Amino acid sequence: MKNKEIARVFESIANILELKGESVFRVNAYQKAARVLGDLTRDVEQLAAKDELIKLPGFGKAMVEKVREYLETGKMQRYEELKGEIAPELVQMLEIPGLGPKTIMLMRDKLKVETFADLKRVLGDRTLAALPGMGEKKVENLRRGYQLYLSARERMTLGVALPAAEEMVEKLRKVKGVKDVSLAGSLRRMKETIGDIDILASGTDGAKVIEQFTKQPQVQEVLAAGETKGSVRVEGGLQIDLRVVKPVEWGAALQYFTGSKSHNIKLRELAGSKGMKINEYGLFKGKRRVAGRSEEEIYRKLGLDWMPPEMREDRGEIEAAAKHQLPKIVELEDIKGDLQMHSTWSDGADSIADMAAAARKLGYKYILITDHSESLKIAGGLTSADVKKLLKEIDQVNRKLRGFRVLSGTEADVLADGKLDYPDKVLKGFDMVLASVHTRLEDPAAVTTARLIRAIENPYVRIVGHPTGRRFGFREASPMDIEKVMKAAAANDVALEINAHYERLDLSDVHARMAAEMGVKLVISTDAHSTAGLEMMRFGVAVARRAWLVPGQIINTWPLDKLLKWCENVKPKGR
DNA sequence: GCCGTTTTCGGCCCGACTGTTTTCAGTCG
C-alpha cells in the first residue's frame, strides 16, 4: 500500500508551498489530501484502478492526477520542481516550535540561512534580533525552540503522557476555585502518540488558576501564562497546556479543545450551514448562546449524537452521528480476558498463579499464558520438554480456581520461512496458539508477507501477535502487503492482535479498522511481562475504539465457552 | 486546490498569546 508514502509527498508539498507564501487555502488542500490518504483503510492503488479517487473528500482533478502520476512513475513532477526551490533543511525547520514559515524565509532572504548550521549561527549572534519584526525575546524563544527540537523530536507515547497528565489533573482538582478538570486534545482522543498535553479546567478566576498551575512542583519552565491560557514544561521535557473557561462554556470548550482539528473544522462548517457559529465559548445563533454547558448539548443542537473522543478524527463519525448510526464501540469493561502474557516460565517477572490472581482482580474470566517458544532463546523460550511441565502447572493452578480459567498457550516464533518452531504434536497440546514474528523484521515486503501468510495458514494458529512489528521510537512497521495478510487472516479465521503495550499499539487504529472491515477478528492483548503490565489494556482498547470496533469483533470480549468453541470449530481439517 | 439547492467564482474555522508594535504579525492549537 502506497497510501502513507503518497501522503508524505503531499505533506511535503504543503510545507514547501507554505514556505513560499502560497495561498493558505492551497496549502490546506494538500494537507487535507495528505491526511485523508493517511487515514484511508483502502489501498490507494485499488481506488485509482477503479477510478474512485475522485470520490475521496478533498480530492479534485489535480490531486487525482498527482496520485496517478506517482503510481505510474514513482514521482510527482510538481514535487520534484518544488524540492529544487527550497533547501530541504528549511522545510524541516518548520518542525521547530515557535518557528514558522515567515521567519524561516526572512532568515533565508536577509541572512542567507539555508541549513541547520546557518540557523545555529544566526541564533548565536546578534543579526537575527536586528531584523524587522524580530527582537531579543523572539530570538531567545527560538533558541529554546531549537534546543527542544534537538532534544525531543519524537512524539511521546501514551504510556509516558497519560501518567504525567493525570498527575497534573489531580493537582488541579484541588486548586481553589476550580470546578471541572479534564484531559483534552490528542490525549483525550487517546491518539497513539502525543505531541503535547492539553488540560482544560473551568472556574471563575482564570488568572489565579493559571498561576497555581505554573507553581506546581513538577513545573520546570513557564512558557506562557495569561488570563485563560497557560503553558509549562515539566520533567522529561513534556509540555502541558492548560485552558481555563467559565462553567457555562465548559462543554463548548471541552469539545473545542478535544478536537481533532479536522473534526472541529467540519463541525464549524456544519454550524455555519445551519446559521450558527461555534467556538470554544459556545454554539451561537447571532449573539445568543444556544449551547455550551455540556458536549452533549453542543452536538445535539447541531443535530448530532454525542460521540466518544476517540472517534473524533473526521473519519465519518459526523455523518454517522447525523444519521444516529454511530456504532456502540468497545469499552474496557467489555474485556473478559487477556490473551497474551508471559510468566516466569520464560521472560516474565511473575508466576502463572500471580498473573491469574492479578487478572482476576481486573474482573477478567480467563487468561492465556503465552510464554516464548524454543527458538527465542534470548527470552527464555521453552523447549518441548519444558512445555509438558508448563501444562502440568497450568492444570494445577486451574484446580485451585473457580469461575476463572488459565488457558495454555504459546507465543510461537514464526521462523524465517513461516513455519513455527514447535512440531505439531506440541502445538496440539495448547488451548490456543499465538504466533509472532521476532526476527528479520526488515526483510523485503514480499518475503514478510509470505512468511506471515504461511503462519496464518498453519492449522494450529489462532492469533497473530503484534502483526507489523512496529515500536515507537525504535522501528517502523515491517514492510509487507498488509491487505494480503488480512485477507489470509479472514479466510483462515485467524484473529489479529492489537498489542496494547504503548510502545507497540500494533495493529494501529487505521489497520485495525481496515481488518474489521475485511471481516477479520481482532484480539486486544497486553503482552504483559508482569502483573503490572496487565494494566496496559486500556491503551489497546483505545486503539480499538479509534478503529470503531464493537465488542463482537474482539474475541476477548467473548465469554469463555464461546471462545473455546471458536478455537475448536475453526480449521477442522487441520485438527 | 477544493467545492457548490443560496455559488462554476469566491469563498474557504476561529481565537489566544507573545513580542513587536501604536494597531498588528506570527505562531499555535
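These figures come from a predicted structure and were not determined experimentally. Sequence lines set the chain letters: A, B, ... in the order given, protein chains first and strands last, and positions in each chain run from 1.
- By the 4.0 Å N-to-carboxylate-O rule, A:Glu140 lies close enough to A:Arg143 to be salt-bridged with it.
- Counting to the nearest Å, the C1' atom of B:dC17 and the CG atom of A:Leu242 are 14 Å from each other.
- Taking atom CD of residue A:Gln31 and atom P of nucleotide B:dC12, one finds them 18 Å apart after rounding to whole Å.
- The ring-ring contact (aromatic ring centres under 6.0 Å, His included) test applied to A:Tyr30 returns A:Phe10, not counting sequence neighbours.
- A search for salt bridge (Lys or Arg N to Asp or Glu O under 4.0 Å) contacts involving A:Glu227 returns nothing, not counting sequence neighbours.
- For A:Arg243 and B:dC17, the CZ to P distance is 6 Å, given to the nearest whole Å.
- Taking atom CZ on A:Arg144 and atom C1' on B:dC17, their separation rounds to 14 Å, with Å as the unit.
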Protein-to-nucleotide contact annotation, 5' to 3' order, nucleotides 24-29 of chain B [B base; S sugar-phosphate only; - none; under 4.0 Å, heavy atom]: --SSSB
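- Both A:Gly133 and A:Ile265 lie close to DNA chain B; mapped to their nearest nucleotides by heavy-atom distance, the more 5′-ward contact belongs to A:Ile265.
- Residues passing the side chain to side chain contact (heavy atoms under 4.5 Å, CB included) test with A:Gln325, sequence neighbours excluded: A:Lys323.
- Picking from B:dG1, B:dG19, B:dC17 the nucleotide with the shortest atom distance to the side chain of A:Tyr30 gives B:dG1.
- A:Ala225 comes within contact range of the sugar-phosphate backbone alone, with a heavy-atom separation under 4.0 Å but no base atom that close.
- Residues meeting the ring-ring contact (aromatic ring centres under 6.0 Å, His included) test with A:Tyr502, sequence neighbours left out: A:Phe539.
- Between A:Asn141 and A:Ser273, it is A:Ser273 whose nearest contact on DNA chain B lies nearer the 5' terminus.
- For B:dT7, the base adopts the syn conformation, since its glycosidic angle falls within 90 degrees of zero.
- Comparing the C1' positions of B:dG11 and B:dT6 gives an interatomic distance of 13 Å, to the nearest angstrom.
- For NZ of A:Lys83, the number of neighbouring non-hydrogen atoms (other residues, nucleotides, ligands) closer than 6.0 Å is greater than 12.
- Screening residues 35-77 of chain A for ring-ring contact (aromatic ring centres under 6.0 Å, His included) gives no qualifying pairs among residues at least two apart or on separate chains.
- In this structure A:Glu503 satisfies the salt bridge (Lys or Arg N to Asp or Glu O under 4.0 Å) test together with A:Arg471, sequence neighbours excluded.
- Straight-line distance between the P atoms of B:dT20 and B:dA25: roughly 16 Å, to the nearest whole Å.
- As a whole-Å value, the separation of A:Lys266 NZ from B:dC12 C1' is 14 Å.
- The nearest whole Å value for the distance from the CD atom in A:Glu136 to the P atom in B:dG19 is 12 Å.
- Annotation: ring-ring contact (aromatic ring centres under 6.0 Å, His included) contacts involving residues 108-130 of chain A, sequence neighbours excluded, comprise A:Phe116-A:Tyr149.
- B:dT5 and B:dG1 have their C1' atoms separated by 24 Å, with the value rounded to a whole Å.
- Shown here, B:dT8 forms no base pair; nothing in the strands shown gives a Watson-Crick or G-U wobble contact with both key distances under 3.5 Å.
- Every residue was checked against the salt bridge (Lys or Arg N to Asp or Glu O under 4.0 Å) condition with A:Lys301, not counting sequence neighbours, and none meets it.
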Might you work through the side chain to side chain contact (heavy atoms under 4.5 Å, CB included) test for A:Leu304 and A:Leu270, ending with a clear yes or no? CA-CA 10 Å; A:Leu304 304 173; A:Leu270 182 65; 3.8 Å; yes
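- Listed nucleotides B:dC17, B:dG1, B:dC14 differ in distance to A:Asn279; the shortest reach to its side chain belongs to B:dC14.
- Put simply, CG on A:Asn28 is 13 Å from C1' on B:dC14, counting in whole angstrom units.
- Put simply, A:Thr228 has a side-chain N or O that comes within less than 4.0 Å of OP1 or OP2 on B:dC17.
- Nucleotides B:dT18 and B:dT23, compared at atom C1', are 15 Å apart to the nearest Å.
- In this structure, A:Lys246 places its NZ atom where only 12 or fewer heavy-atom neighbours from other residues, nucleotides or ligands lie under 6.0 Å away.
- Contacts of residues 40-55 of chain A with DNA chain B (heavy atom under 4.0 Å): none.
- When the C1' atom is compared between B:dC2 and B:dT8, the two are found 12 Å apart, to the nearest whole Å.
- Atom name C1', nucleotides B:dT22 and B:dG29: the rounded distance is 28 Å, in whole Å.
- Heavy-atom distances under 4.0 Å link DNA chain B to no residue of residues 311-324 of chain A.
- Using C1' as the reference atom, B:dG26 and B:dT21 are 12 Å apart when rounded to the nearest Å.
- Contacts of A:His511 classified as ring-ring contact (aromatic ring centres under 6.0 Å, His included), with partners at least two apart in sequence or in another chain: none.
- Using a 4.0 Å heavy-atom criterion, one finds that A:Lys32 contacts no nucleic acid atom at all.
- Here the C1' atom of nucleotide B:dC2 and the CG atom of A:Leu56 are 13 Å apart, to the nearest Å.
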